[in-house]
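For reference, the structure discussed in these notes is given below.
Residue numbering restarts at 1 for every chain, and letters A, B, ... go by the order of the sequence lines. All of these numbers come straight from a predicted model, not from anything done at the bench.
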2 protein chains.
Amino acid sequence: MVEPGDRQRAVTVADVARRAGVSKATAARALGDYGAVSDSVRERVQAAAEELDYRPNELARSMNTGKSKTIGVIVGDIENGYFGLAMRGISDTAKAAGYDVILINTSEDVRTEIDAVRVLLDKRVDGLIVAPASSFETGHLRWVGEAGRPLVLLDRRVAGLEAVSVEVDIAPSAGAATAALLDAGHTRIAFVSALQTEGETYSDRLELRVSSVTDRLAGIVGALRSRGIEPSAELIRFGAHGRDRTRSIVEDLLDLADPPTAILASDSLIALDVLRTLKDRGLRVPGDLSFVMFDDFEWAALTDPPLTVVAQPIYDVGVAAATILLRRLAGLPHGDVDAHLPATLVLRDSVGPVPVRA
Amino acid sequence: MVEPGDRQRAVTVADVARRAGVSKATAARALGDYGAVSDSVRERVQAAAEELDYRPNELARSMNTGKSKTIGVIVGDIENGYFGLAMRGISDTAKAAGYDVILINTSEDVRTEIDAVRVLLDKRVDGLIVAPASSFETGHLRWVGEAGRPLVLLDRRVAGLEAVSVEVDIAPSAGAATAALLDAGHTRIAFVSALQTEGETYSDRLELRVSSVTDRLAGIVGALRSRGIEPSAELIRFGAHGRDRTRSIVEDLLDLADPPTAILASDSLIALDVLRTLKDRGLRVPGDLSFVMFDDFEWAALTDPPLTVVAQPIYDVGVAAATILLRRLAGLPHGDVDAHLPATLVLRDSVGPVPVRA
DNA sequence: CGCTATGTTGAGACCGGTCTCATTCGCTTG
DNA sequence: CAAGCGAATGAGACCGGTCTCAACATAGCG
């Protein structure tokens, strides 16, 4: 069936037209069903296309329609179940609308993100979904609008940018998680995040690069203060990216003169490393330390002990982001307002009473 | 800086050429640094490009170079940590070589996979990495070669296809896991896989659609037979995709007249559902049942009990697949032979002695 | 001083589609 | 029966790059 020669040159409309005995323009019309074509010609052209196994070159098509039927997605780390699930939501939604997805991973590095935006724009994606690594350095995000393409922010918002963001309304649940800890008698509550800051420790003035972390902290600090507890800078830690760094932060926390009796982990990757460190130190949860993780995955109910978590509707965040982008691409109304999905506190067994000091 | 008018029309080489006072051809040469251009002109053109903030249209470039600097990846489910990690390996490797990645998810559905191949080929990706949903229905995989593009198979092989595959050499470890179970005294060992078969139960004649499952089974059956145990069809179960189906399979297994005393889960998604079902039934691992999971993730060491697993170098599989593809694209030698990466059995606490029958 | 080798440059074809415009044809209508 | 109209079709421009080829300039050489 397939001759060795086939593989080189692709079949074009011109080939189909020649075979059907019509002009290129007519063949294109019959194939793309636009304009007027007589039934007989249409059939003849379609038959020719069939015989030649014609496949349109989407690149060429994109070039003069200006549309590529592709959306770009830029995230910090697909390996993180959070983005994996969101990606799935985006991907499913996009596919249903006939769009494809180009994924770029930034490792939460702004430089990489800048390159990614450039590349995707150069490739003429129709729109972009970005989980920005920084809400400060956002010049490249502006390029998207300047190129006339819609942008939807995932999980994080950026002030002063004409882009809709889809976020999880995490502060209330962060507050609820903290309240649960407070109710159990904890007052020394630590928070560990992967976010990189410029070596600064927490204070009211500290502005964070990532809104989703800011929100977590706002919820936690709010709950603390409502019980008259002033957040302690030594218990709020950033820079826990990678196993080693997380480990040393946790070690550091445990070696404090007045160590925390509870830890909140900003995401599941950190949570795993924190738990592993605790385990290595022979500390039991919740016997020696209480623990809460942001994000819920199926394994969180199967750990020892099952983890109390702040569950986020991540898949739906992806779906919402893609839906808004797709609506904008279709010229449909989309509310033009940031979307907020609710998070919920799921109580399991990793929160317990404060241990009696030895 | 940015006028409202900017956003519509993109700056082209022609614009840059006009501004620099040279021809389009010369401007293109200066920008793409090919051909010969005098230093003065080069500088002038580059300055003009800078001022106009010129960005090349990659679509146009791709169209006549025939290269898109993009590779397509088709997997069953990115949500599955297995593919998530492999994707990360592919993505990292591709990016380092200046390639982008288009990802399509098939939900292990062959029809979707066929469409995906078509779409990606139409988009003129330079090469494809596919984890084929079926080793029987492979006509569409042939298209890739017919279109003159390299194809690398991920995790699964397909007979009679001119494509290199990158796999994990899983049979030996599957055998070792089974042997560990046998050593602990188990003889009723069940295997649960998500693979869809045509309603058939296991027999020697049953041919499976996915080689990685075939290999797991080969290792298991081999170990069993070497101890004189004939595999029992009622203990080898397929179709465990989705929580409900997995649950009913496990329930079914447990309700057998002679139920298994150990279960091997073909991947982490299934493992989670199996464990949850056991937990709901009030069964303890390894007290009541021993358990082994294929794939290792950080949480597997933190469950109750820590899981004995067959660890696979998944990230490296992704890296290897991308590396081979990239080498073929660069016209470099790549060995042209399937790559096999080793798996290892990691003993933790989910395997114990056979419980004494009540 | 004439001739060739080398380096620069511009004009324009080309990739494979889409789309505008002019032309031709058949049919209706006064 | 001629004018008028819409449908069908072909020719060719266009998208924004790459690349070939010819023209031209300068320099080196005998």
Assess whether a salt bridge exists between B:Arg156 and B:Glu108, defined as any Lys/Arg side-chain N lying under 4.0 Å from an Asp/Glu carboxylate O. yes

Starting at atom CG of B:Leu31, determine the distance to atom P of D:dT18, rounded to an integer number of angstrom. 8 Å

Within 6.0 angstrom of B:Glu137 CD, more than 12 heavy atoms from elsewhere: no

Could you pull out the protein-nucleic contacts involving nucleotides 23-27 of chain D (nitrogen or oxygen on both sides, under 3.5 Å)?
none

Backbone N/O of B:Lys69 and side chain of B:Asp126: donor-acceptor pair under 3.5 Å: yes

Presence of salt bridge, A:Lys123 and B:Glu58, under 4.0 angstrom: no

End axis versus end axis in the helix from C:dC1-D:dG30 to C:dG30-D:dC1, the angle rounded to 10°, five pairs used at each terminus: 60°

Residues forming a side chain to side chain donor-acceptor pair (under 3.5 Å) with A:Arg209, sequence neighbours excluded: none

Would A:Asp92 and A:Arg88 pass as an ion pair if we require N to O under 4.0 Å? yes

Donor-acceptor contact below 3.5 Å, side chain B:Thr138 vs main chain B:Leu141: no

Which of residues 19-30 of chain B have a heavy atom under 4.0 Å from DNA chain D? B:Lys24, B:Ala25, B:Ala28, B:Arg29

Keeping the roles fixed (side chain from A:Arg19, backbone from A:Ala48), state whether a donor-acceptor pair exists under 3.5 Å. no

For B:Arg55, is there an ion pair with A:Asp122 - N to carboxylate O distance below 4.0 angstrom? yes

Does a side-chain N or O from A:Thr12 land closer than 4.0 Å to OP1 or OP2 of C:dC15, or not? no

Would you say the side-chain atoms of B:Arg124 pair up with the backbone N or O of B:Lys67, donor to acceptor, closer than 3.5 Å? no

Which residues satisfy the salt bridge (Lys or Arg N to Asp or Glu O under 4.0 Å) test with A:Arg157, sequence neighbours excluded? A:Glu167, A:Asp215

By nearest heavy atom, map A:Tyr34 and B:Arg44 onto DNA chain C; which one lands nearer the 5' end? B:Arg44

What residues from residues 49-66 of chain A pass a heavy-atom cutoff of under 4.0 Å to DNA chain D? A:Met63, A:Asn64

May I have the distance from A:Lys67 (atom NZ) to C:dT18 (atom P), rounded to whole angstrom? 15 Å

Tell me if a side-chain donor or acceptor on A:Thr106 pairs with a main-chain N or O of A:Val75 at a distance below 3.5 Å. yes

Could you give the NZ-to-P distance, from B:Lys123 to C:dC15, as a whole number of Å? 22 Å

Worked check of salt bridge (Lys or Arg N to Asp or Glu O under 4.0 Å) between B:Lys95 and B:Asp100: CA-CA 6 Å; B:Lys95 183 159 56 174; B:Asp100 294 302; over 6 Å; no

Could you state the CG-C1' distance from B:Asp15 to D:dC15, rounded to the nearest angstrom? 13 Å

